[in-house]
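Everything on this sheet refers to the single structure shown next.
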Amino acid sequence: MESLRAEPTEGRCTFLSMYDDGYDHAAVERRWQEAWDDASAYRTPDDVEDPTYVLGMYPYPSGQLHMGHVRNYTITDAYARYRRMCGDDVLHPMGWDAFGLPAENAAKERDTSPRDWTFDCIETMKRQMESMGFGYDWEREITTCTPEYYKWNQWLFLRFLREGLAERRDAEVNWCPECETVLADEQVEGDDERCWRCETPVERRELEQWFLSITEYADELVDAIDGLEGWPDSVRQMQRNWIGRQTGTRLEFDVSGAGEEYGGVEAFTTRVDTIFGATFFALAPDHPITEDLTETDESVQAFLEHEADPEGDEPNGVETDLTATNPVTGEELPVFVADFVLSDVGTGALMGVPGHDTRDHVFAEKMGIDVRPVIAPAPDGGEAEPPDVSEEAYTEDGVLVNSGEYSGLESAEARERLTEDVDVADYHTQYRLRDWGISRQRYWGTPIPIVHCEACGAVPVPEGELPVELPEFINTTGNPLDAAEEWKQTACPDCGADAERETDTMDTFVDSSWYFLRYVSPDLGDAPFDLGRANDWMPVDQYVGGIEHAVMHLLYSRFVTKTLADHEGLEHREPFENLLAQGMVQLDGEKMSKSKGNVVSPQAIVSEYGADTARLFMMQAAQPERDFDWSEQGVQSAYRFLSRLKELVGAYAGGGIETTAETDSIAEYVEDETGAAVVVATEEYDGLVFNTAVREAQSLVSTLRQYREYAAVHEETFERALSVSIRLLAPVTPHVCEELWETLGEDGFVVDADWPDSDADRETAEKRRRLVENTREDVRQIVDVAGIDDPERIDIVVTPEWKHEALNVAIDSDAPNVIGALMQRDEIKRHGEAAAAYGQNLQESREALQRTLDPDTELDALESAAWLIEREFDADVRVLAAEDAPDDVREKAEPSRPAIDIVE
RNA sequence: GCGAGGGUGGCCGAGCUUGGACAAAGGCGGCGGACUUAAGAUCCGCUCCCGUAGGGGUCCGUGGGUUCGAAUCCCUCCCCUCGCACCA
């Protein structure tokens with residue numbers, strides 16, 4: 001017992017090989033990983049001109065690769081390998097999103113430092129990546145928590161500052177009490193506003209924060225989405241929503257009352273055409289006027305303290321003693337303070353039009369405010385009839401009614417006229433997008449390179465003094481940088497007086513907003529990236545990652561790219577040309593998660609079945625953008641396939657398969673199938689549809705196994721087909737294909753092999769396949785229905801040429817009756833009765849007629865597939881040209897439908 | 001509510017862009033057979049219903065429509081997933 005258990009891996013493989021089941025994946029994979037490494041197979045030299053840039057979103061080094069990573073990186077790896085075999089130079093790098101809160105938490109728990117913990121995790125994950133066989137250029141590896149990297153975050157920040165794109169201001173921020181940090185809006189999740197990391201309810205705090213002015217680029221960010229044709233619609237739509245651009249009119253209402261004159265108060269509306277229907281005016285609970293009112297107006301105060309509920313669905317409000325003057329009608333409107341008016345939307349004040357806005361309608365009903373229709377549905381002719389708005393608002397555009405001189409105008413036109421006519425009105429565009437608050441009160445991030453001086457204020461650290469390095473980690477409850485007294489004390493760069501460093505660090509999305517540029521020149525010491533090379537190599541040709549980054553990371557990256565284009569000479573305004581949002585790996589329809597305990601570990605799969613199996617299963621399970629279920633059966637099926645393939649190639653190379661130099665119809669069939677596989681798989685790889693591509697290769701392998709079983713194989717054909725199969729699979733299962741490439745006696749790595757080529761035409765190939773499949777199906781049906789137990793001979797008779805001609809004539813002809821047209825042709829006419837009958841058929845199904853393969857190709861396809869039928873029914877099969885067949889059989893044949901005669 | 005994507009045979013999943021050869025590829029599962037002492041692996045076939053020569057019926061979420069013809073195009077509704085949402 002003891003000796004058997006000494007080497008579990010070996011033991012297992014011996015067991016497997018005894019039964020011809022499986023192969024020693026561990027040995028194969030180790031061997032080729034080392035060989036690739038020795039040969040620097042994935043190195044991209046700096047002097048290549050414009051490599052195909054394939055990138056997976058770099059991971060946060062949490063310590064373990066999970067299935068999501070494996071899927072993500074298998075997709076990029078397979079694509080990178082495919083492009084490389086097609087002859088492209090390929091840039092396929094990997095790095096680490098190494099800053100972030102979990103490292104701090106882990107450090108506290110384990111009494112270590114975030115740095116040590118992070119580098120441990122990186123080492124582990126890097127090893128796991130290597131064991132998966134991902135072909136990265138590790139010489140371009142980047143790690144964002146190193147001073148060599150984050151120096152350039154600081155540099156970037158200073159450039160933003162210089163260009164007026166960074167500023168410090170007081171802001172109410174989302175504060176997570178658990179993480180003791182500020183969160184970006186994007187990091188607050190759900191209706192109940194919880195922290196994205198720890199799910200603690202988020203609080204609000206006023207703090208001085210650094211902001212990057214992403215809103216300056218809001219228009220370009222939203223407009224350029226239209227040009228991102230290589231991106232999924234879902235992501236494009238999410239970005240549009242997030243930016244939330246709205247165009248409308250900003251106009252002033254004079255507000256006064258209770259002895260105060262507030263003058264013009266701005267309100268924003270997208271529906272200025274409804275202004276004649278405005279019957280109230282409303283202010284946000286934290287609008288300056290509201291704040292002023294709380295001093296004097298007890299009912300407002302009471303409302304704010306007891307009733308206002310901005311989170312609730314009900315619109316609540318209280319009437320004030322103020323009135324607002326409608327700038328168009330001069331009407332005096334009652335002013336309310338209402339909790340559904342949000343200070344960060346528009347101007348925090350709005351005109352209420354209950355007749356044409358659902359929410360205003362609900363509020364008006366509740367408060368007893370007038371409801372007045374001023375927009376009517378466009379009439380079909382005649383007068384516009386005001387809609388009944390007593391129960392429900394009419395929110396569509398239409399024609400203005402009850403609107404003085406504007407009555408009769410269409411909504412769109414009225415909006416223009418009103419905005420132009422009214423002095424205190426202006427076109428205005430507003431956005432949902434806010435500036436990007438990047439300050440974080442944490443240790444494990446990029447220090448913001450600022451010094452606070454009592455005399456000079458916030459002073460940027462001079463570029464020459466970068467990086468501002470992080471001090472040693474101090475285990476404390478608050479911000480460790482605040483506790484690092486020695487580090488904090490410094491001199492003001494301007495006046496030299498004693499000053500303190502900024503103790504906030506940057507949001508880690510800063511790191512990831514430009515990392516794809518760093519790969520271009522990862523060791524460059526005097527700039528974040530080599531400009532010339534970036535101009536040549538960017539944009540990323542294929543970016544792959546999870547949908548969870550659809551907004552933040554991708555939007556920030558686009559923003560930063562645009563600022564670099566405007567200020568640093570980058571010649572690209574968009575970082576990612578094609579984007580693939582990969583689907584989830586699930587278990588029983590549920591997302592894998594530690595808390596649910598339904599996690600399948602990639603490591604376990606790799607040690608049991610090998611990386612190639614894991615990769616193959618993932619890629620064949622579904623299209624990359626779809627979710628799919630992990631399935632043990634699927635994994636086993638993938639594993640068995642690889643074993644069979646290995647056996648087949650091994651048998652061939654070892655002389656275990658009988659060969660012949662004579663070519664025949666079977667060889668022709670295999671040749672055609674090989675060509676078809678190449679054409680189809682290539683197209684599918686191009687479109688990243690790996691599941692279909694892989695299936696094509698698998699079915700070719702299965703054809704080869706049938707061939708080998710059935711006859712002595714034509715050496716050249718068989719070998720080429722094997723070589724093609726291996727190459728078609730190599731992007732997905734690189735190790736085993738490398739091994740088989742060697743077994744087959746090919747030179748060099750399959751990684752560097754030429755992608756197979758074929759002049760086959762996909763459409764013809766598919767027609768041939770269909771013809772063969774349908775014919776086989778027909779034979780089965782006949783045998784079955786006619787109760788033929790043991791057919792002795794099967795004749796398959798191809799349609800005579802004249803019927804093909806007749807079909808083509810019928811398709812081309814626009815004569816009312818096709819029989820006439822047919823009979824004008826002697827070669828058809830001379831078939832007399834038969835021609836007339838077939839013509840009748842054609843006439844009846846005139847519209848449904850389809851072009852078919854020509855008779856020679858048909859004959860050829862059937863002849864080469866005859867062995868499949870022979871094998872299946874164990875009978876002689878003759879494929880006959882029409883002229884070689886008896887009349888009564890031949891007559892039944894039609895194009896794409898050969899006549900079948902079975903002799904018992 | 002708005003927006004995006006999706007609903008295919010026992011299950012998974014192609015196909016719908018460019019309607020026709022679609023009872024609808026492939027895989028898995030199930031059934032039968034070959035091989036085997038046996039199991040496993042492998043191979044062959046079957047796997048919606050009826051049918052003694054390739055036929056017929058029903059079918060691709062629901063209900064309509066366009067068409068000679070619809071899984072494929074259009075509309076209605078239902079359901080699922082995701083994103084946004086008291087956005088003025």
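Fair warning: this is a prediction, and the values are worked out from it, not measured in the lab. Letters go in sequence order (proteins before strands), and every chain restarts at 1.
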Mind checking A/I902 for me? I need base, sugar-phosphate or nothing, with any heavy atom below 4.0 Å counting as a touch.
base
Answer yes when A/E777 and A/R780 have at least one side-chain N-carboxylate O distance shorter than 4.0 Å, and no when they do not.
yes
Got a salt bridge between A/D357 and A/R271, using NZ or NE/NH1/NH2 to carboxylate O under 4.0 Å?
no
Identify all pairs in which a protein N or O lies below 3.5 Å from an N or O of nucleotides 12-22 of chain B, and state each distance.
{"unit_1": "B/A14", "atom_1": "OP1", "unit_2": "A/Q623", "atom_2": "NE2", "d": "3.3"}
{"unit_1": "B/A14", "atom_1": "OP2", "unit_2": "A/R626", "atom_2": "NH2", "d": "3.2"}
{"unit_1": "B/G20", "atom_1": "N9", "unit_2": "A/Q850", "atom_2": "NE2", "d": "3.3"}
{"unit_1": "B/G20", "atom_1": "N7", "unit_2": "A/Q850", "atom_2": "NE2", "d": "2.9"}
{"unit_1": "B/G20", "atom_1": "O6", "unit_2": "A/E847", "atom_2": "O", "d": "2.4"}
{"unit_1": "B/G20", "atom_1": "N1", "unit_2": "A/E847", "atom_2": "O", "d": "2.8"}
{"unit_1": "B/A21", "atom_1": "O2'", "unit_2": "A/N774", "atom_2": "ND2", "d": "2.5"}
{"unit_1": "B/A21", "atom_1": "N6", "unit_2": "A/Q850", "atom_2": "OE1", "d": "3.4"}
{"unit_1": "B/A21", "atom_1": "N6", "unit_2": "A/R851", "atom_2": "O", "d": "3.4"}
{"unit_1": "B/A21", "atom_1": "N1", "unit_2": "A/R851", "atom_2": "O", "d": "3.3"}
{"unit_1": "B/C22", "atom_1": "OP2", "unit_2": "A/N774", "atom_2": "OD1", "d": "3.3"}

Could A/R240 and A/D233 be called an ion pair, given the rule that one side-chain N must be under 4.0 Å from one carboxylate O?
no
Does the side chain of A/E894 pick up a donor-acceptor pair with the side chain of A/Y838 at under 3.5 Å?
no
Does a side-chain N or O from A/Q706 land closer than 4.0 Å to OP1 or OP2 of B/C44, or not?
yes
Are A/R708 and A/E647 close enough for a salt bridge, meaning some N to O gap below 4.0 Å?
yes
How would you label the contact of A/D309 with the nucleic acid (heavy atoms, under 4.0 Å): base, sugar-phosphate, or nothing?
base
Would you classify A/E872 as touching base, sugar-phosphate or nothing, given that sugar-phosphate means primed atoms plus P, OP1 and OP2, and contacts are heavy atoms under 4.0 Å?
sugar-phosphate
Using a 4.0 Å heavy-atom cut-off, does A/R871 contact any base of the nucleic acid, only the sugar-phosphate backbone, or nothing at all?
sugar-phosphate
Over all strands shown, is A/V362 touching base, sugar-phosphate only, or nothing at heavy-atom distances under 4.0 angstrom?
nothing
With rounding to the closest Å, how many angstrom separate the C1' atoms on B/A41 and B/A34?
14 Å
Could you identify the nucleotide paired to B/C68, looking across every strand shown and requiring Watson-Crick or G-U wobble geometry with both distances under 3.5 Å?
B/G20
Tell me what A/R705 touches on the nucleic acid: a base, only sugar-phosphate, or nothing, going by heavy atoms under 4.0 Å.
sugar-phosphate
A/T429 and A/T247: side chain donor to acceptor below 3.5 Å
no
Within the structure shown, what part of the strands sits under 4.0 Å from A/L342 by heavy-atom distance: base, sugar-phosphate, or nothing?
base
Could you check whether A/P898 gets within reach of a base, just the sugar-phosphate, or nothing at all, counting any heavy atom under 4.0 Å?
base
